[in-house]
Amino acid sequence: MSEKNYDGLSFTTRAIHVGNEPDPGTGAIEPPINMANSFLLPYDPSTMNWSASEDKIYTRNGGVNQGLLEKKIANLEGGEDCVCLASGVAALSALFFTKLKKGDHVIFSTVTYIATYRIFNELWTEKWGIETSIVDCTDLEKIKAAIRPNTKLIHFESPGNPTLCICDIEGIVKLAHEHGILVSADNTFSSPYNTRPLEYGVDFVVESLTKYINGHGDSMGGAIIGPHEDLEQVRYQAQVNIGGVISPFNAWLIMRGAVTFPLRMQVHNDNALAIAKWLEKQPCVSFVAYPGLESHKGHDLAVKQMKNGFGGVLSFGLKGEHDLYNRVVTHLNIFTSAVSLGHDASLIVFLGEDDERMYLYPEEFHGGFYRVAIGIEDKNDLINDLRQAFVAEGLEVVD
């Protein structure tokens with residue numbers, strides 16, 4: 001069967017078809033789960049490179065379902081190549097492990113996923129001799145001031161987890177490349193449906209496939225997207241020899257979820273914006289952080305960079321003491337108290353005053369806040385669920 005041409009097709013059509021070719025062995029129109037961990041060797045295997053990923057040798061070198069998923073994700077991100085690994089953190093670690101060495105300096109954002117914060121603030125400085133600077137990456141002048149002769153990488157998120165800050169992707173890339181510095185962007189909170197950082201010149205994009213692209217809360221995976229030559233290094237150094245490979249079953253589950261990803265993502269976008277607007281009107285709410293709101297500091301930049309919407313995550317605070325947050329959660333019927341995001345169901349987590357990164361967040365977050373991952377339920381049901389929980393605690397609510 002000849003290679004299909006997906007050029008010129010819409011994002012939604014490509015999400016369905018790329019990588020979902022019929023199985024050549026059986027004719028099944030959906031790829032099967034290939035759970036084999038080892039593959040038939042050629043007549044004379046004595047000259048083979050056992051750490052190669054281009055030939056099927058062993059699933060740690062690259063599995064069948066992994067390869068199909070990589071093809072799909074690279075296409076949706078607009079990238080030359082993709083490596084899929086066991087989780088978003090495995091993808092981050094693999095990229096950093098491959099591209100950094102002792103003595104290099106990294107600039108990373110004040111607002112990042114907690115594992116990224118710990119990698120750069122604690123683990124890699126102590127274990128690998130990597131120098132790091134925590135910088136407000138929404139401020140290009142602060143990034144510029146932090147650059148050193150040995151700066152190798154600038155890493156950021158946009159929107160940032162959990163404050164929803166927005167970084168100027170194009171501005172960071174221009175500044176970094178003027179100094180010969182690589183740029184990596186964690187795009188998980190936006191997703192390739194809303195933002196494709198490679199279009200702005202970012203060198204590497206990382207996605208937690210666990211979240212929106214899978215979309216069902218039932219599998220884990222991560223992806224690095226970038227130039228083929230660099231990702232071949234990732235395969236050899238980090239995938240084969242460190243081993244955070246994605247399981248065939250998880251790769252298959254994420255492929256299944258990716259088919260409906262664009263449709264779900266638009267509902268996440270629409271629901272979150274409606275709920276953020278409702279929350280912003282409530283007298284009992286102290287602040288709402290969501291880039292789709294005109295009141296958000298990064299709104300204009302988000303409009304420029306986020307083409308289809310502003311994502312499904314928002315944060316907000318209540319006017320009240322610590323345990324009020326916990327009591328409100330007990331009244332919720334639809335929202336589930338759990339971490340993660342991108343699920344079909346809506347999730348809420350209370351982050352208290354003692355969060356280890358709180359000193360890096362804006363003042364309004366310091367009294368504790370909710371991070372809410374809006375699902376794809378009916379938005380009016382979600383608003384009504386929040387309303388009744390507020391009322392149950394005697395909080396003032398307006399329509």
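Using a cutoff of 4.0 Å between basic side-chain nitrogens and carboxylate oxygens, Lys99 and Asp230 are scored as salt-bridged. With respect to Glu178 and Lys144, no salt bridge is recorded, no charged nitrogen being found less than 4.0 Å from a carboxylate O. Taking 4.0 Å as the cut-off between side-chain N and carboxylate O, Glu170 and Lys174 do not count as a salt-bridged pair. Ion pair Asp218/Arg256 flagged as a salt bridge, since at least one NZ, NE, NH1 or NH2 atom sits closer than 4.0 Å to an Asp/Glu carboxylate oxygen. The pair Glu199-Arg196 meets the salt-bridge criterion, since a charged nitrogen lies less than 4.0 angstrom from a carboxylate oxygen. Under 4.0 Å is where a charged nitrogen must lie from a carboxylate oxygen, and between Asp104 and Arg148 no such pair does. Ion pairing between Arg387 and Asp399 holds under the 4.0 Å rule for side-chain N and carboxylate O. Contact check on Arg327 versus Asp323 returns a salt bridge, with a Lys/Arg side-chain nitrogen under 4.0 Å from an Asp/Glu carboxylate oxygen.
The structure places CD of Glu356 at 10.0 Å from CG of Leu360, a figure rounded to the nearest 0.5 Å. To the nearest 0.5 Å, atom CG of residue Leu314 and atom NE2 of residue His296 are 10.5 Å apart. Separation of atoms CD1 (Ile383) and CD1 (Ile374) is listed at 9.0 Å; rounding is to 0.5 Å. With rounding to the nearest 0.5 Å, the separation of CG in Asn121 from OG1 in Thr125 is 6.5 Å. Here Ile254 contributes atom CD1 and Cys84 contributes atom SG; the two are 7.0 Å apart, rounded to the nearest 0.5 Å. Of the inter-residue distances, the one linking Trp124 atom CH2 with Lys127 atom NZ reads 11.5 Å to the nearest 0.5 angstrom.
Side chain to side chain, Glu377 and Asn271 fail the donor-acceptor criterion of an N or O pair below 3.5 Å. Side-chain contact, Gln237 with Glu232: no donor N or O sits under 3.5 Å from an acceptor N or O. In this model, no donor atom of one side chain and acceptor atom of the other lie less than 3.5 Å apart for Gln388 and His331. At a cut-off of 3.5 Å, with distance as the only test, no side-chain donor of Asn308 or Asn269 sits close to an acceptor on the other residue. Glu157 and Thr188 are not linked by any side-chain donor-acceptor pair at a separation below 3.5 angstrom, with hydrogens and angles left out of the test. Side chains of Ser10 and Thr13: a donor on one and an acceptor on the other come within 3.5 Å.
With a 4.5 Å cut-off on side-chain heavy atoms, Asn34 and Trp252 do not count as touching. Considering only heavy atoms from C-beta on, Asn241 comes within 4.5 Å of Tyr236 through its side chain.
Between Thr210 and Gly221, the closest heavy-atom pair is OG1-N, 3.0 Å. The shortest non-hydrogen separation linking Asn250 to Ser219 is OD1-CB, 3.7 Å. Contact record, Asn61 with Ile57: ND2-CD1, 4.3 Å, taken as the closest heavy-atom pair. When every heavy atom of His343 is checked against every heavy atom of Ser340, the shortest pair comes out as NE2-OG, 3.4 Å.
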Evaluate the criterion side-chain hydrogen bond (donor to acceptor under 3.5 Å, both in side chains) for residue pair Arg371 and Asn161; output intermediate values, then yes/no.
CA-CA 9 Å; Arg371 192 193 75 177; Asn161 178 11; 3.0 Å; yes
Can you check side chain to side chain contact (heavy atoms under 4.5 Å, CB included) on Tyr212 and Met265, steps first, answer last?
CA-CA 7 Å; Tyr212 292 118; Met265 197 67 228; 3.5 Å; yes
Using the rule given for ring-ring contact (aromatic ring centres under 6.0 Å, His included), can you reason through Phe96 versus Phe120, listing the C-alpha separation, both sets of side-chain angles and the distance that settles it, and then say yes or no?
CA-CA 10 Å; Phe96 302 151; Phe120 286 139; 4.5 Å; yes
Would Asp81 and Arg235 count as a salt bridge (Lys or Arg N to Asp or Glu O under 4.0 Å) if you check the C-alpha gap in whole Å, the side-chain angles of each, and the deciding distance to 0.1 Å?
CA-CA 11 Å; Asp81 198 2; Arg235 289 185 173 97; 2.7 Å; yes
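The other residues sharing a hydrophobic cluster with Val18 are Tyr6, Leu9, where clustering joins ILVMFWY side chains under 4.5 Å apart.
Ring geometry, Tyr290 versus Phe310: the interplanar angle exceeds 60°, so the pair is classed perpendicular (tilted spans 30 to 60°). Ring geometry for His322 versus Phe350: interplanar angle over 60°, hence perpendicular rather than tilted (30 to 60°). The aromatic rings of Tyr361 and Phe365 lie perpendicular to each other, with more than 60° between the two planes, well past the 30° mark. Ring geometry, Phe11 versus Tyr193: the interplanar angle exceeds 60°, so the pair is classed perpendicular (tilted spans 30 to 60°).
The number of heavy atoms from other shown groups lying within 6.0 Å of NZ (Lys277) does not exceed 12. Open room surrounds CD on Glu229; 12 or fewer heavy atoms of other groups in view lie less than 6.0 Å from it. Shown here is Tyr58, whose OH atom has no more than 12 heavy atoms of other residues, nucleotides or ligands within 6.0 Å. Annotation: Tyr113, atom OH; neighbour count of heavy atoms from other residues, nucleotides and ligands within 6.0 Å does not exceed 12. By the neighbour-count criterion of 12 heavy atoms within 6.0 Å, atom NZ of Lys56 is densely surrounded, having more than that number from other residues, nucleotides or ligands.
Exactly one of His179, Glu131, His105 qualifies for a side-chain hydrogen bond (donor to acceptor under 3.5 Å, both in side chains) with Thr151. That residue is His105.
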